[in-house]
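Predicted model, so just to flag it, every value in this text is computed and none were measured. Below, chain A is the first sequence line, B the second, and so on; all start at residue 1.
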Protein chains: 2
Amino acid sequence: MTSPSLPPITTTCLYSETSIPYYPAMQKTARRSQAIVRPPGRPREFDMDTALDRAVRVFRERGYHATSIGDLTAAMRLATGSIYKAFRDKHAVFLAAFERYTALRQEQTRSAAARGATGRERIRHVLLSYVEHSQGSEGRRGCLVVGGAVELSALDPVVGARVNAQLKSNESFIAGLIREGQADGSIPRHVAADDTARLMICITQGLRVVGKARLPLDGMRLVGVAMKLLA
Amino acid sequence: MTSPSLPPITTTCLYSETSIPYYPAMQKTARRSQAIVRPPGRPREFDMDTALDRAVRVFRERGYHATSIGDLTAAMRLATGSIYKAFRDKHAVFLAAFERYTALRQEQTRSAAARGATGRERIRHVLLSYVEHSQGSEGRRGCLVVGGAVELSALDPVVGARVNAQLKSNESFIAGLIREGQADGSIPRHVAADDTARLMICITQGLRVVGKARLPLDGMRLVGVAMKLLA
DNA sequence: CATAATAGGGAATGGTCATTCCCTATACCT
DNA sequence: AGGTATAGGGAATGACCATTCCCTATTATG
């Protein structure tokens, strides 16, 4: 989905980007049925998703406040002016990076779930995937949801709302898997789906904290223990 | 341990403070057996622990980077110069606040554990205590260990080491309680103490993240589910 | 009572950072 | 070709922030 090089036209005309306005003045993407209409003026040269992936990386490593515009220009390979052409301010860069990050993570989690045949097995794979992402160098890079919750949600209502929504979305995904497991017989009926899902969200978020703090995490062992919650 | 008012002499001569130098030029506390020797010069007027409690509050709410010296002077009720008299720099204030915070939290956790008669009950009370502290306005205030892990451990080896040590200490405390439970018969022998303890640390750290993000946490329900890990 | 030693407090300083400005470049349209 | 609209890039700007300086105050000692 993200290309390492910078194709000059591809991105400009398609608007494959996830959601809401990145841009100070966002044009309506398409008036009627034809979706591919190039907006007026000089087209953007850089690939937005590539640039955002690079911003994600910096924000994950340094957090919001410790990341300067200079850090972003270096990482995103854009000049100061270009960043401010593309985003209202640093806050908007973070928000766009956050969206990009959660979209990619959601994809990874769904595909991990898809590796299981029953509800129970799907949950096992989701948890395993979380442990893997919380471990080693990837884990030390950190998680934007956890980072946003800890560093920003008390100071910034917009980020707070996004973090809250993301956690709820993850939680209801897990709760859904639990109910699937109860339907297919792999998880006992007496398991409290919502409470267990909330606790599992705590586990996943805690894994990221512990992984960032460089405690080693053994996926098989930890998930093995955690699966008792579905007994 | 912390007095709301400011007794003028009490703190200066006793050095009840936890550990390592708060001060740019730390005097040796006592040469021989006599511990109470007032150091030369004008004695400090403010109570160090009270001031640190106020610093803890700001750092918990705003994190490290978003807290300015101005925020600290306002919260600690000290002038800029006085802060730099007492601490080398902002980093040193954070470290001292961190020590103070972990000492108090440790105390609270131990006393929660003491409310239980068996190993199993002690763990239940510890988890319940964590949920309570992660909830509501207290939870929104945040945790310095989680904050330190997320915001600083990758950038600041000193804080990183303290966070790591604190997590390990908490983990071995839990592991100890599990083994106590196995000794007193309240926890089955087949429970893997270390793995379960590590997972429980993930739960506690995750609770703080989720609580900071304003998801409601029901202590009884969550702990009820978590106790399955000891089955 | 002078001296040494440190605390209290606030003004001054130097650096950094987010943001803006401005000039150039590139696209489309008529 | 001229006009319009936006992107690229980097210098300029103004605010803020961590830290230092300096002057005063308070203790002990000789």
Side-chain angles (χ1 to χ4, degrees), chain A residues 6 8-13 15 21-29 36-48 50-51 55 58-59 62-95 156, chain B residues 6 8-13 15 21-29 36-48 50-51 55 58-59 62-95 156:
Chain A
L6 314 177
I9 301 298
T10 328
T11 343
T12 319
C13 49
Y15 280 105
Y22 295 151
Y23 320 102
M26 177 73 163
Q27 319 85 331
K28 308 193 170 31
T29 30
I36 300 167
V37 183
R38 196 204 289 272
R42 177 175 172 179
R44 176 175 294 138
E45 281 177 18
F46 66 89
D47 180 71
M48 178 58 86
T50 309
V58 185
F59 281 127
R62 308 184 54 82
Y64 180 77
H65 293 289
T67 298
S68 71
I69 298 292
D71 294 330
L72 288 174
T73 60
M76 299 170 83
R77 307 188 203 165
L78 294 175
T80 322
S82 303
I83 288 192
Y84 279 87
K85 279 275 159 49
F87 305 92
R88 181 162 39 263
D89 51 19
K90 182 180 155 184
H91 185 255
V93 183
F94 181 83
L95 242 43
D156 180 340
Chain B
L6 315 176
I9 301 298
T10 325
T11 342
T12 317
C13 48
Y15 281 104
Y22 294 153
Y23 321 101
M26 178 74 162
Q27 318 86 331
K28 303 184 173 35
T29 30
I36 300 168
V37 183
R38 197 204 289 271
R42 178 175 171 178
R44 177 175 293 139
E45 280 175 19
F46 66 90
D47 180 72
M48 178 59 86
T50 309
V58 186
F59 281 128
R62 309 185 51 83
Y64 180 75
H65 293 289
T67 298
S68 71
I69 299 291
D71 294 331
L72 289 173
T73 60
M76 299 170 83
R77 306 187 203 167
L78 294 175
T80 322
S82 304
I83 289 193
Y84 279 88
K85 279 273 158 51
F87 305 92
R88 180 162 37 262
D89 52 19
K90 183 180 153 184
H91 186 256
V93 182
F94 182 83
L95 242 42
D156 179 343

Nearest heavy-atom pair of A:Phe46 and A:Ala51: which atoms, and what distance?
-> CD1-CB, 3.8 Å

Specify the separation, in whole Å, of atom CZ of B:Phe46 and atom C1' of C:dG9.
-> 13 Å

Starting at the 5' end of DNA chain C and moving along, which residue's nearest nucleotide shows up first, B:Gly41 or A:Gly81?
-> B:Gly41

Determine the minimum heavy-atom distance between B:Ala75 and B:Val58, stating which atoms define it.
-> CB-CG2, 3.1 Å

Between C1' of C:dT6 and CD of B:Glu45, the distance in whole Å = 12 Å

Side chain of A:Thr80 - closest among D:dT27, D:dG9, C:dT19 = C:dT19

Would you please confirm or rule out a distance under 4.0 Å between OP1 or OP2 of C:dA7 and any side-chain N or O of B:Ser82?
-> no

Between P of D:dG9 and CE of A:Met76, the distance in whole Å | 12 Å

Using atom CZ of A:Arg44 as one end and atom P of D:dG8 as the other, report the distance to the nearest whole Å.
-> 7 Å

Contacts of A:Thr73 meeting side-chain contact (heavy atoms from CB on, under 4.5 Å) (sequence neighbours excluded), chain-then-number -> A:Ile69, A:Thr80, A:Ile83

Sequence neighbours excluded, the answer for salt bridge (charged side-chain N to carboxylate O under 4.0 Å, His left out) partners of A:Asp89 is none

Are any side-chain N or O atoms of A:Lys90 and backbone N or O atoms of A:Leu72, one a donor and one an acceptor, separated by less than 3.5 Å?
-> no

Between the protein and nucleotides 14-18 of chain C, are there any N/O to N/O pairs under 3.5 Å, and if so, what are the atom names and distances?
{"residue": "C:dA18", "atom": "OP1", "partner": "A:Thr67", "partner atom": "O", "Å": "3.3"}
{"residue": "C:dA18", "atom": "OP1", "partner": "A:Lys90", "partner atom": "NZ", "Å": "2.9"}
{"residue": "C:dA18", "atom": "OP2", "partner": "A:Ile69", "partner atom": "N", "Å": "2.5"}

Could you write out each protein N or O paired with an N or O of nucleotides 23-25 of chain D at a distance under 3.5 Å?
{"residue": "D:dA25", "atom": "N3", "partner": "B:Arg42", "partner atom": "NH1", "Å": "2.9"}

Taking only residues two or more places apart in sequence or in another chain, which ones pass salt bridge (charged side-chain N to carboxylate O under 4.0 Å, His left out) with A:Arg42?
-> A:Glu45

What class does the angle between the rings of B:Tyr64 and B:His91 fall in, given that below 30° is parallel, 30 to 60° is tilted and above 60° is perpendicular?
-> perpendicular

Nearest whole angstrom, please: distance from the C1' of D:dC17 to the CD1 of B:Ile83.
-> 13 Å

What distance do A:Met48 atom CE and A:Phe87 atom CZ have between them, rounded to the nearest 0.5 Å?
-> 4.0 Å

Result for 5'-nearest mapping on DNA chain C, choosing between A:His91 and B:Arg77, is B:Arg77

side-chain contact (heavy atoms from CB on, under 4.5 Å) partners of B:Ser82, counting only residues at least two apart | B:Leu78, B:Ala79

Whole Å only: how far is the CZ atom of B:Arg88 from the C1' atom of D:dA18?
-> 15 Å

